[in-house]
Structures are given as structure tokens and as C-alpha cells.
K.L.:
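Sharing a structure below in C-alpha cells format, with a few things to ask.
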Amino acid sequence: MDFNFIKRLVKLFDESNITDLEIEEAGQKIKIAKRQRSSYASHPHYVSHSASANVSAGQSADGTKEEVVKDSKSKFHEIHSPIVGTFYRTPSPEADPYVKIGDIVAPGTVLCVIEAMKLMNEIECDVNGKIVRVMVDNAKPVEYNQTLFQIEEL
Amino acid sequence: MFSFEIFDIKLNTDFIGRNFIYAEEIDSTNSALLDKSNNINTNGSVFLAEMQTAGRGRKDRIWESNKEQNLTFSIMITDKALLKKSINFINFGAALAVSSAIENLYQIKTELKWPNDVLINSKKISGILLESISSGNSITKLVVGFGVNVNQSAFPGEYNIHPTSLRFEAGHEVSREGLLAEILNLFEEILIKIKENPSNILKDWKNRCRMIGEKISITEDNNVKYGIFDDLDDEGYLLLRTKDGMEKIHFGDVTIS
């Protein structure tokens, strides 16, 4: 099989939506496949919030999800948990959340509380911006440095 | 009335309590230190109130304390080097300071309940609540709020753990000024130790906890977990050995079952 033919084939395949391609010609067989990306499956918190999040511009219907995550990470300001604990979006179970998606925030705006071992840690925003994503469900455990919010800086 | 002269003579610290704020009555000493409009940012600032109208514990539980009989105070920590270390060690250190102060001054045996309650004969003598503010990704301000039952002679009402006071346990009234100074002196020593080698704090804490190795239950809201209090992990979280394996506990009310 001609090397240039294979090169062209790979290029076309790469630009297409096809995930598997197999060609057989004169007893020679070539198989090309795209590796399935599974970042969503490994980030359950992300999945649970992706429906209500503002999807970044340019995402195609079958867009590679991992790239969307990477893209949003580079685009948005992220708030991470400074401690291991439990994430609370509301000051008390009956109260409204401190912030919701779409809310405009400023340095000093309280975003959430993380609780661990009789420590209540209030997290304040450090930029001017808009809440784009809330990455964790209320009352769920969070790890050190886990992303809690994505904020579009304004 | 709290005597500043007596307190000052006994205070032997470099930074804790050198900025001292006193109030007859306040909603909560933690809130007062964290309130931005009060503009209190000095590392080691202490806020003592004779009466808290909204003193609280975890889960917004009320901390009740009679006026001028007990100690309700908070300490502010803004030292960045200290806040970078695990705050859990400061949490344990606060309980150790109270426990050691009581044993040093009155020779009364205390024990610690995870994470930071101080007990005498299984009754609560002190509760501690920490509150912090982080801006973006780092903690900028921490307040450690202490409630110590000193000279209160009756505890009407219902409690999660039955309270006691030093007056009950020692059999006489004790000096609040002397006790506060001793707690602050010891807490400063502990903070210096945390900066040098935090693992020693865990060792000291474990030596004063009689629940390790015991069957316990951990209650959080309506959820109860049972198991053996196996140990603390390196960060101070409780390791609960259950029939399904080891579970790391971040918070909850621990009771020997």
C-alpha cells in the first residue's frame, strides 16, 4: 500500500466523524481507530452538573468531551477546595444557595462552605466574574484541590 | 468582672493575646473576629466576651454560657506559614491547649474526644469551633473559638453530651484569668510546634484520647455508622474499621457504643 495513500487516509479519517475504518486491498489490510475518550465517566460530579452549565462556544454535537473540559479549564477561573471536607452550597439546609449559575460575583462574594472536623471554611471569590459551573453537588465530600466552581472573568 | 491585671501578669506569649479585645456582650466572638467591618487582622488577636448572645457550636448548635462565669473567646490566626500547614493540627492543638492547661493548673485528668472536645469524667468541659475564610484557593484567616465551662454551677436544659465545669470538678471556684493565660501560653507553644513538626501534635492528641481501639458510633444528621476507632490518619481524620473495611471520617459526633 502506498505510504502517501495511508497518510492521506489518516488525515481524512482524523478530520471526519468516523471512529473506525478498515480497508483491504490486494491482500493488505489497514485498520484505523480513534480511541474513545471517557473523561466524563471518570468525573461523575462534572456529569451531574453539565446539563445546567453553559456549554462553551464551539462545542460540536459529537465534540470530544475531554477537549471541552480542557478548553473550559484554560478559559475559566477555577475555585478549588483548600481542605478535605464536605461541600455546602447553602448556609443552612433550607436556605438559598450562596451563588447560582449565571450569578455575577466579585472579590469577597461568599461562594460556599467546606466543613471538616469542626472547621467551617467559607470560600470567597477572588475575581470579578460570572458563575459558569458548579462542579460539586451540595453536601458531597470534596478532596483537597478539587475544582468547585468555574467562573468566567469579566 | 475579668481582671486584666491578673491576666496580664500570667500571660507569657509573644503574639497570642497581645492584641486583646474585650466585650461585655457580643453575638459571637468568632463572628466578631471574622467581621470585616471590625478590621481585626493581627495574628494572635484574642476576643473575649463575658456573654455571647449567639454563641454556637457545630451545625448551628447553641453554646450556652452564663455571664462572667466562664470563658468564651476566639483567637485569630493570619500567619500564612501556619495556615499553609494542615489546619487540622491547629484544631487538635486547640483541644490540647485546654486539656493541658486544666491538668497543669488543677491536676484534674482530662480526655479528648475526636476531634476537639475536652471531657472530664466523660462530661464536656470545653468545646471548640473553628471558622475560616479562604479567598480563591488559599485560607487567609482562621479563628479558633473556645468555650470553657469554668465557674458555672448549674446546667439546666438538654445537652448532646452532659456538661460539667471546673468549679464542679475542682470543688471550688477557679481564676478565669489564670486559666485563660495558661491556655493562650500553651496554644502559642503548640502553634510553634506545628510549624516545626506537626506530627508531634497528633501523637500528643492520641495520648489523651481514650476512644482509640474502642467500639464507637458516629452520628451525622440521621446517619449512624458503627465500627472500631482504629486510629487517626496522618492528617488527623478518624479511621473507622467497619465490617466492610476501613473508612475515613471527616466529621460527625463520636460516641463510645
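Remember, predicted model here, so these are calculated numbers, not experimental data. Chain A is the first sequence line, chain B the second, and so forth, proteins listed ahead of strands; every chain is numbered from 1. What's counted below: heavy atoms across the whole structure, side chains too, no hydrogens, waters or symmetry copies.
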K.L.:
Check whether A:Ile123 gets within reach of chain B through its side chain, its backbone, both or neither, counting any heavy atom under 4.5 Å.
P.N.:
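When you check distances to chain B, atoms from both the backbone and side chain of A:Ile123 fall under 4.5 Å.
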K.L.:
As an exercise, state the distance from CG of B:Leu232 to CE of A:Met117, rounded to the nearest 0.5 Å.
P.N.:
8.0 Å
K.L.:
From B:Ile128 CD1 over to A:Leu119 CG, what is the distance, rounded to the nearest 0.5 angstrom?
P.N.:
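So the CD1 of B:Ile128 and the CG of A:Leu119 are separated by 12.5 Å.
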K.L.:
Go through the atoms of B:Leu142 and report whether side chain, backbone, both or neither lie under 4.5 Å from a heavy atom of chain A.
P.N.:
side chain
K.L.:
At what distance, to the nearest 0.5 angstrom, does CD1 of A:Ile83 lie from CD of B:Glu235?
P.N.:
10.5 Å
K.L.:
Can you see whether A:Asp126 engages B:Ser135 through a side-chain donor-acceptor pair at a distance of less than 3.5 angstrom?
P.N.:
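No.
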K.L.:
Any ion pair linking B:Lys36 and A:Glu124 (charged N to carboxylate O, less than 4.0 Å)?
P.N.:
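Judged by the 4.0 Å cut-off on N to carboxylate O distance, A:Glu124 and B:Lys36 do form a salt bridge.
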K.L.:
Do other residues, nucleotides or ligands put more than 12 heavy atoms under 6.0 Å from the NZ atom of A:Lys100?
P.N.:
no
K.L.:
Count the heavy atoms belonging to other residues, nucleotides or ligands that lie under 6.0 Å from CG of B:Asp234, then report whether that count exceeds 12.
P.N.:
no
K.L.:
Quick check on B:Ile133 against chain A: is it the side chain, the backbone, both or neither that has a heavy atom closer than 4.5 Å?
P.N.:
both
K.L.:
Does any heavy atom of chain A fall under 4.5 Å from the side chain of B:Asn88, the backbone, both, or neither of them?
P.N.:
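Looking at B:Asn88, backbone and side chain both touch chain A.
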K.L.:
Taking all non-hydrogen atoms of both residues into account, name the closest pair between A:Val84 and B:Tyr237 and its distance.
P.N.:
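That closest heavy-atom pairing would be O-OH, 3.2 Å.
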K.L.:
CD of B:Glu131 to CD of A:Glu122: how many Å apart, nearest 0.5 Å?
P.N.:
8.0 Å
K.L.:
Drop me the distance from B:Lys141's NZ to A:Asn121's CG, to the nearest 0.5 angstrom.
P.N.:
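It is 13.0 Å, given to the nearest 0.5 Å.
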K.L.:
Could you measure the distance from the NZ atom of A:Lys118 to the CG atom of B:Asp253? Nearest 0.5 Å is fine.
P.N.:
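It comes to 8.0 Å.
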